[in-house]
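Some notes on the structure that comes next.
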Amino acid sequence: MKRELQYQVGDRTVTVIVERDGDRYRVRVGDREHLVQARLGDRGRIDMGVGDRRLRAYVARKQDRTYVGLDGQTWTLTKPDARRRRSGSPSAVAGALTATMPGLVLDVLVAPGDVVIRGDTLVLMEAMKMELRITAPADGVVVAVGCEAGQVVERGKVLVEIGDGKQN
Amino acid sequence: MKRELQYQVGDRTVTVIVERDGDRYRVRVGDREHLVQARLGDRGRIDMGVGDRRLRAYVARKQDRTYVGLDGQTWTLTKPDARRRRSGSPSAVAGALTATMPGLVLDVLVAPGDVVIRGDTLVLMEAMKMELRITAPADGVVVAVGCEAGQVVERGKVLVEIGDGKQN
Amino acid sequence: MFNKILIANRGEIAVRIIRACQEMGVATVAVYSDADECSLHVTLADQAVNIGPPPPSESYLRDDHILDAARRLGCDAIHPGYGFLSENPDFVEMTEAAGLAFIGPPAQAMRVMGSKIAARAAMEDAGVPVVPGYQASGDDQDLMQAAHALGFPLLVKATAGGGGKGMRVVNDPAELSNALASARRESMNAFGDDRLYLETLIQQPHHIEFQVLADRYGHVVHLFERECSVQRRHQKIIEETPSPLMDPALRQRMGEAAVAAAQAVGYVNAGTIEFLVDEARNFYFLEMNTRLQVEHPITELVAGVDLVKAQIRIAAGEPLPFTQEELSQRGHAIECRIYAEDPAHDFLPAIGAVLQSVEPVGPGVRVDAGVSSGDEVTLHYDPMIAKLIVLGEDRADAIRRMDWALHHYVILGDVITNIPFLRDVLAHPRFVAGETTTDFVDAHFGDWRPDDSPPPDMALIAAALSEVMNAYTAPAPDGAQVDGDPFSPWRTMSGFRIGA
Amino acid sequence: MFNKILIANRGEIAVRIIRACQEMGVATVAVYSDADECSLHVTLADQAVNIGPPPPSESYLRDDHILDAARRLGCDAIHPGYGFLSENPDFVEMTEAAGLAFIGPPAQAMRVMGSKIAARAAMEDAGVPVVPGYQASGDDQDLMQAAHALGFPLLVKATAGGGGKGMRVVNDPAELSNALASARRESMNAFGDDRLYLETLIQQPHHIEFQVLADRYGHVVHLFERECSVQRRHQKIIEETPSPLMDPALRQRMGEAAVAAAQAVGYVNAGTIEFLVDEARNFYFLEMNTRLQVEHPITELVAGVDLVKAQIRIAAGEPLPFTQEELSQRGHAIECRIYAEDPAHDFLPAIGAVLQSVEPVGPGVRVDAGVSSGDEVTLHYDPMIAKLIVLGEDRADAIRRMDWALHHYVILGDVITNIPFLRDVLAHPRFVAGETTTDFVDAHFGDWRPDDSPPPDMALIAAALSEVMNAYTAPAPDGAQVDGDPFSPWRTMSGFRIGA
C-alpha cells in the first residue's frame with residue numbers, strides 16, 4: 001500500500017507519500033522521510049510516535065479542507081486536487097453569499113470580475129451591534145454584487161456571488 | 001422508511017419500531033408511542049426532544065451489545081436476532097477464555113456441559129495482588145475446562161472453552 | 001427555596017445557571033430560539049420551550065414569550081443571566097407583576113444605575129468619587145465654559161449613550177466646538193436624543209471592578225476586585241483577580257466605596273461596581289452592572305463563593321451567610337475569553353462551524369463553554385466560544401497555567417479564534433509585570449499578526465495518516481463491518497510496538 | 001530547578017505530574033509498558049521510552065530500565081508517583097548514586113517508616129501516640145501473657161505483614177491460641193517470616209490522615225486532615241476534607257503529632273501520616289505513606305497548595321514558601337475513586353473496554369483520569385478509571401456537587417463501574433451525617449445491589465434512533481460520501497423544529 005496526498009499550504013503544494021512498513025508508516029514529506037507509528041482515537045485524535053517523541057494531534061476535515069491541531073497551533077490545509085476536480089463542475093462553485101441576518105452594509109470591497117482568494121473580505125456589515133466581515137469561502141471570481149454601502153439588507157439577501165472563473 | 005429493532009433486556013425481548021414522520025420520528029416501544037426529535041452528536045451522543053422535555057443520551061455499540069447512558073444510569077442491551085444469526089456459525093461462538101496474565105487459580109466454578117449465561121463467573125483467579133473473576137462473555141455451554149484450583153497458570157493459558165451448545 | 005426556575009438566556013451562562021439549580025435541587029426550564037434547538041443548555045434543563053426565531057428581538061428579548069413559558073410550566077422565579085433582558089427594569093416589574101421572583105436587583109435600583117446621569121448624582125450623594133465632569137446644562141455655551149474649567153483632555157459623552165456612540169475625546173480647546181457638534185449628530189442618529197455632558201479624560205486608567213452581594217435585609221459585602229484593563233474594542237478579553245495594582249489600603253477604600261454605592265440605591269443581589277483608577281491611584285466610579293458579570297468565575301475561585309447560588313438564595317429571601325470579615329482572597333485567578341474573531345483584522349467576528357472542540361482539562365482549569373463540537377458560531381449572538389478560567393497559587397503560576405490551558409485548547413473548523421493572540425498577550429512583558437491599562441492592547445498589539453510559518457512535517461503527517469487510516473477502516477453503508485467495529489470510537493491500523 | 005524529569009509511573013498520576021512539570025517549564029520523559037503505548041501520559045510527555053512488557057515486574061518495577069532511560073535522555077530527577085517504586089528505599093539510593101535527584105523522602109526516612117516495628121518505636125520515642133500493643137517478643141507464651149494485659153478484642157499482626165495477610169482479630173481469649181498458629185502459618189507462607197506482634201483492636205475507628213510537607217532545612221508543616229473512613233477491601237473509595245469529626249482542638253493536636261512524626265525520622269518532601277481515631281476521639285499513629293497520596297487533590301483544593309509542584313520545588317532545594325500559620329482550609333472537597341469493579345460482587349475488578357467515557361465538566365469539578373474512550377482496563381494494573389474530585393462551599397454543597405458529577409459521568413462499555421454504588425453511599429444517612437467509620441461499607445452496603453429496573457422507553461429509543469440514524473449516514477468504504485461529510489463529528493437526520 002502506498003498513498004500519495006497533496007496539500008496546499010499558502011501558495012505552496014506539499015506532497016506527502018505514505019507507505020506501510022511493518023507496523024509503522026514510512027512517510028515522505030518533500031525530501032524528508034519519517035518512520036511513524038500511529039493510532040486513531042476519538043474526536044479526530046491521532047497519536048503518533050517518532051523515535052522517543054510522542055505527539056497527539058487532532059484532525060478534522062470538511063469538504064476540501066483539512067484542519068490540524070498540533071502542539072498548541074492549528075493549520076488549515078486545502079487539497080489542490082479537490083479544487084481541480086471541482087472546477088469541472090459548475091454546481092460546486094462557491095456560489096452565493098447571503099446575509100444570515102438583517103444588517104447595514106458598511107462597505108463593499110469587490111466588484112464583478114475581481115479575483116478573490118479564500119479569506120478575502122468582500123463586504124463589511126453591521127448587525128447586532130457588531131461589525132462583520134463577509135469573506136470569500138474559497139478562491140474564485142466575483143460574478144455579481146448584490147448590495148451597496150449604506151444599504152439595509154434583509155436576511156437571505158444575496159450579497160456577493162462567486163464563481164470558479166470558468167466560463168460555463 | 002420504517003425500521004423494527006429488537007433488544008434483549010434481561011430475559012425480556014422489547015421491540016422498537018422507528019418510523020419517520022416529517023422532521024420527527026414516531027417510535028413505538030411495546031404498545032407505547034412517542035414522537036421524538038433527534039440529532040446525533042460526537043462521542044456517541046444523541047439529543048432527543050419529546051414535547052417540552054429534552055434529553056441527552058450516549059450510545060455505544062460493540063458486536064451485538066448496545067450500551068446506553070441516560071440521566072445518570074447505563075444499560076446494556078443485547079440483540080436477540082444477532083444471537084440467532086450467530087448460532088448457525090460455529091466460528092462465532094464465544095470460544096476460549098485465556099489468562100491475560102500469570103496468576104493463581106483460586107477456584108473453578110464450572111464443569112464441561114454446564115450452561116452459562118453472559119456474566120456468570122467461571123473462574124476465580126488471583127493475580128497482581130487482586131482477586132479476579134473470569135466471566136462468560138456470552139451465553140453458551142462449557143466445552144472444556146483447562147485449569148484447576150491451586151494451579152499457577154501462565155499468560156495465554158486456556159482456562160475455559162465455551163461453545164454455543166450446538167453439536168457441530 | 002424556589003421549586004422551578006426559568007433561565008431567560010442561552011449559551012455558557014444558561015448552562016452555568018442550570019448547573020447551580022441542579023446542585024440545589026431546583027427544577028429548571030430553558031428557553032431557546034430556533035438556532036439553539038440542540039444547545040447544551042436545552043438538553044441539560046428539565047424542560048425547554050422554543051420562544052422564536054434566531055434574532056434576539058424575536059426570541060430572547062421577547063419578554064411576553066418568556067413570561068408565558070414561565071407561567072405555563074409553573075416556574076416561581078426567572079434568572080436573566082447577563083445581556084438580553086437582564087438589565088431591563090420593565091421586565092423586572094412584569095416578572096414580579098406575574099407573581100414570579102426576579103433573580104436580580106429591584107427595578108428601581110436598576111433604573112438609577114441604568115441612567116448615567118442619575119447614577120452619577122446618586123454616587124456623588126453617597127460620597128463615592130466620580131470622574132470630574134459637568135452635566136448641569138446641555139447648552140453649547142455652558143459646556144464650553146465648563147470645559148475650560150475642567151481642563152483638557154476631556155471626554156464629550158452622550159447622555160443617552162452607550163457602546164462609545166456619541167463619545168469624543170477632546171485633547172485641545174480648539175477641537176471642542178467640532179466635537180460637540182459631531183457628538184450631538186451621532187447621538188441624535190443613534191438614540192434620538194442629542195443631550196451631552198463632559199468628563200475629565202482619565203488617561204491610561206486601570207479598569208478595576210468590585211463584586212458586591214447584598215441581601216434583602218440591608219447587608220452588603222464586597223468580594224474584592226477584578227482587574228479588567230485588557231480590552232479590545234472597549235470589551236474585556238482577559239480578567240484577573242487580585243489586581244496587580246492593588247494594595248490592602250486601596251482595596252479597602254475601593255471596597256467600602258463599592259458597598260456604599262450599592263447601599264445608596266437600595267441594591268439587592270449580585271452586582272458589579274466598575275471604577276477607573278488613574279496613575280496616582282485615584283479611583284472614580286464608572287458604572288454599575290446590575291447583574292451577574294461575564295467574568296464572575298474568577299471571583300468565585302479566589303473568594304470561594306458560588307455567585308450564582310448566592311444570587312438564587314438571596315432572591316429566595318435568605319440572608320447573606322457571611323460577613324465582610326469572613327471573606328478572603330486566596331490564590332490568583334485569570335479568565336481568557338475565547339472568541340471566534342480575528343485579532344489580525346480589528347477583532348472582527350470570524351464565525352463558522354466548530355468541527356471539533358477539545359477543551360483543556362486538569363487541576364485548576366475551568367472551562368465555561370457555550371459552543372461544542374458540531375456547533376456553529378453564528379451572527380445572531382455574541383461570538384464567544386468559551387470562558388477559559390484558571391486558578392493558580394500566585395499570579396506567575398496562574399499565567400503559566402493559563403498558557404498551558406490555551407496551548408491544549410484545540411478548536412478546529414472555519415472559525416478563527418483569538419487563542420494565539422491571547423498567548424502572546426500573556427507573554428508580553430507589560431502583562432507579566434501587571435502594568436496593563438485600558439489602552440494596552442491598542443498600544444502594543446495594534447499590528448499583531450499570527451505566526452504564519454508553514455506547518456511542521458508532523459502536522460502534514462497527522463493530516464495524511466488520519467486520511468489514510470480513516471479511509472481504510474470506514475464501514476460499508478449497509479452497516480457490515482469492513483474492519484473491526486464501525487461503532488467503536490477507536491479504529492486502529494498500526495499498533496504501537498516497543499519503540500526503543 | 002530541574003531541566004528534565006523522568007516520571008516513573010503511568011495513568012492519572014503520571015499525567016498529573018507531567019502537567020505540573022509543563023507549567024513549571026520543566027521537560028518530561030514518560031516511561032511505558034507495551035500495554036500503555038498509546039496512553040495519555042505517553043503522548044503528553046516530551047519524550048517517551050518503552051521499558052518492557054505489561055506486567056509491572058517486567059516494566060514499571062524495572063529500576064534498571066528506568067535509570068537507563070533517565071541517564072540516556074539526560075534527566076536530572078525522577079518522580080516516582082505512588083505505588084510501583086515510590087516506597088522502595090533501594091531505588092532512592094540507586095537514583096542518587098546515578099547522580100539524579102529522587103523527588104521524595106530520603107532513603108533512611110523511607111526505611112524507618114516502611115518497617116512496622118521501627119516506625120512504632122520511632123513514634124513512641126517522638127511522643128506520637130501509637131495503638132497500645134506488644135512486640136517485645138515473638139514467643140507464643142509471652143504473646144499470650146501480653147494479650148491478657150492488653151485486653152480483648154485485639155489484633156494479631158505479622159511483623160512482615162501487609163494487605164491484611166497474617167492478621168487476625170481475636171475477640172475472646174479462647175480464640176487466641178488458634179489465631180497465633182494460623183497467623184504464623186499464613187505469614188510464613190506469604191512472607192517467609194513468622195514473627196508476630198499484638199495490638200489493641202480499635203473498634204469502629206475513623207481513618208484520618210494528615211498531609212505533611214517538609215523541606216531540606218528542617219521546616220515541616222501539615223496541610224490538615226483527610227477523612228478516609230469509607231473503605232472497601234481495606235482500600236479507600238471516598239475521601240474528604242475537612243473531616244466531619246474534626247474540631248479545631250483535635251486538629252491542632254493531630255497536626256502537631258503529624259509534624260512531630262515527620263521530624264522524628266528526618267522526613268523531607270510530601271508525606272502522609274495515617275491515624276486511627278476512636279469513639280473517645282483518641283488518635284493513634286497507624287503508618288506513614290512516604291510518597292504522594294492518591295487522594296492528594298482534596299487537600300490541594302481546600303488548602304490552595306499544589307502538592308506536586310511543592311514536591312518538585314522541595315527536591316530542587318527550595319525552602320517551603322509558607323509557614324503553618326499562613327495555611328488555612330477553605331471550602332469542602334470530596335474525592336470518589338471511579339473503579340472498574342462490581343460492588344454487588346465483593347468489589348471484584350470488572351475489567352474490559354471503555355468504549356466511551358464522557359467526563360463531567362463544570363465549576364468545582366476536577367477529573368484526574370487515567371482511562372479515556374477507547375482504552376482498555378486490563379488486569380495488569382489497578383482498575384481505577386479516574387478520580388472524581390469536587391470542591392464545594394461546605395460539606396452539603398460538596399455532596400450535592402459530587403452527586404451531580406457522578407450523575408453526569410458517562411462510561412459505556414464492558415466494564416462495570418462503581419458509580420451507582422458511590423451515589424448510594426453519598427445518599428446514605430450516616431454518610432450525610434458525617435458518621436462514617438472504617439466498617440461503614442461492610443456494615444451498611446454488604447448486600448448492596450444495583451437498581452435492576454428495566455430501562456425506560458427513552459433509553460431504548462436512544463439505542464434505536466442512534467442505530468437507525470448512524471446506518472443512514474455511514475460513509476461508503478471507498479470514502480465517497482453517502483450523506484454529507486463522513487468526517488464531520490455531526491451527522492444529522494432530523495433537525496429539531498419549534499417544539500411548542
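Labels below follow one simple rule: chain letters A, B, ... track the order of the sequence lines, proteins then strands, and each chain is numbered from 1. Any value given below was found using the heavy atoms of this structure, including those in side chains, with hydrogens, waters and symmetry copies removed.
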Between [atom1] on residue [X] and [atom2] on residue [Y], distance to nearest 0.5 Å:
{"X": "B:Arg65", "Y": "D:Leu412", "atom1": "CZ", "atom2": "CG", "result": "12.5 Å"}
{"X": "B:His34", "Y": "D:Met458", "atom1": "NE2", "atom2": "CE", "result": "7.0 Å"}
{"X": "B:Leu5", "Y": "D:Glu467", "atom1": "CG", "atom2": "CD", "result": "5.0 Å"}
{"X": "D:Ile351", "Y": "B:Ile134", "atom1": "CD1", "atom2": "CD1", "result": "7.0 Å"}
{"X": "D:Leu465", "Y": "B:Met48", "atom1": "CG", "atom2": "CE", "result": "7.0 Å"}
{"X": "B:Trp75", "Y": "D:Asp451", "atom1": "CH2", "atom2": "CG", "result": "8.0 Å"}

B:Tyr7, part contacting chain D, at a heavy-atom distance under 4.5 Å: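 For B:Tyr7, side-chain heavy atoms alone lie under 4.5 Å from chain D.
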Which pair of non-hydrogen atoms, one from [X] and one from [Y], has the smallest distance, and what is that distance?
{"X": "D:Met469", "Y": "B:Ala38", "value": "CE-O, 3.6 Å"}
{"X": "D:Ser373", "Y": "B:Arg43", "value": "OG-NH2, 4.2 Å"}
{"X": "B:Leu77", "Y": "D:Pro455", "value": "CD2-CG, 4.1 Å"}
{"X": "D:Pro456", "Y": "B:Leu70", "value": "CG-CD2, 4.3 Å"}
{"X": "D:Arg423", "Y": "B:Gly72", "value": "NH1-O, 3.8 Å"}
{"X": "D:Ser466", "Y": "B:Leu40", "value": "CA-CD2, 4.1 Å"}

Note, B:Thr121 side chain near D:His345 side chain (heavy atom, < 4.5 Å):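 The answer is no, as the side chains (C-beta and beyond) never meet within the 4.5 Å cut-off.
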Answer with side chain, backbone, both or neither: which region of [X] has an atom nearer than 4.5 Å to a non-hydrogen atom of chain B?
{"X": "D:Pro454", "result": "both"}
{"X": "D:Ser357", "result": "backbone"}
{"X": "D:Asp414", "result": "both"}

Using salt bridge (charged side-chain N to carboxylate O under 4.0 Å, His left out) as the criterion, list what pairs up with B:Glu33, not counting sequence neighbours.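 B:Glu33 satisfies salt bridge (charged side-chain N to carboxylate O under 4.0 Å, His left out) with B:Arg26, B:Arg28 once adjacent residues are dropped.
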Please rank D:Ile416, D:Ile411, D:Val358, D:Leu406 by heavy-atom pairs under 4.5 Å with chain B and give me the top one.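 Option with the top pair count is D:Val358.
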Can you tell me if B:Arg53 has over 12 outside heavy atoms packed within less than 6.0 Å of its CZ?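 No, the 6.0 Å shell around CZ holds no more than 12 heavy atoms from other groups.
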Quick one: do D:Ile461 and B:Val50 satisfy side-chain contact (heavy atoms from CB on, under 4.5 Å)? Show the steps, please. CA-CA 11 Å; D:Ile461 291 170; B:Val50 186; over 6 Å; no
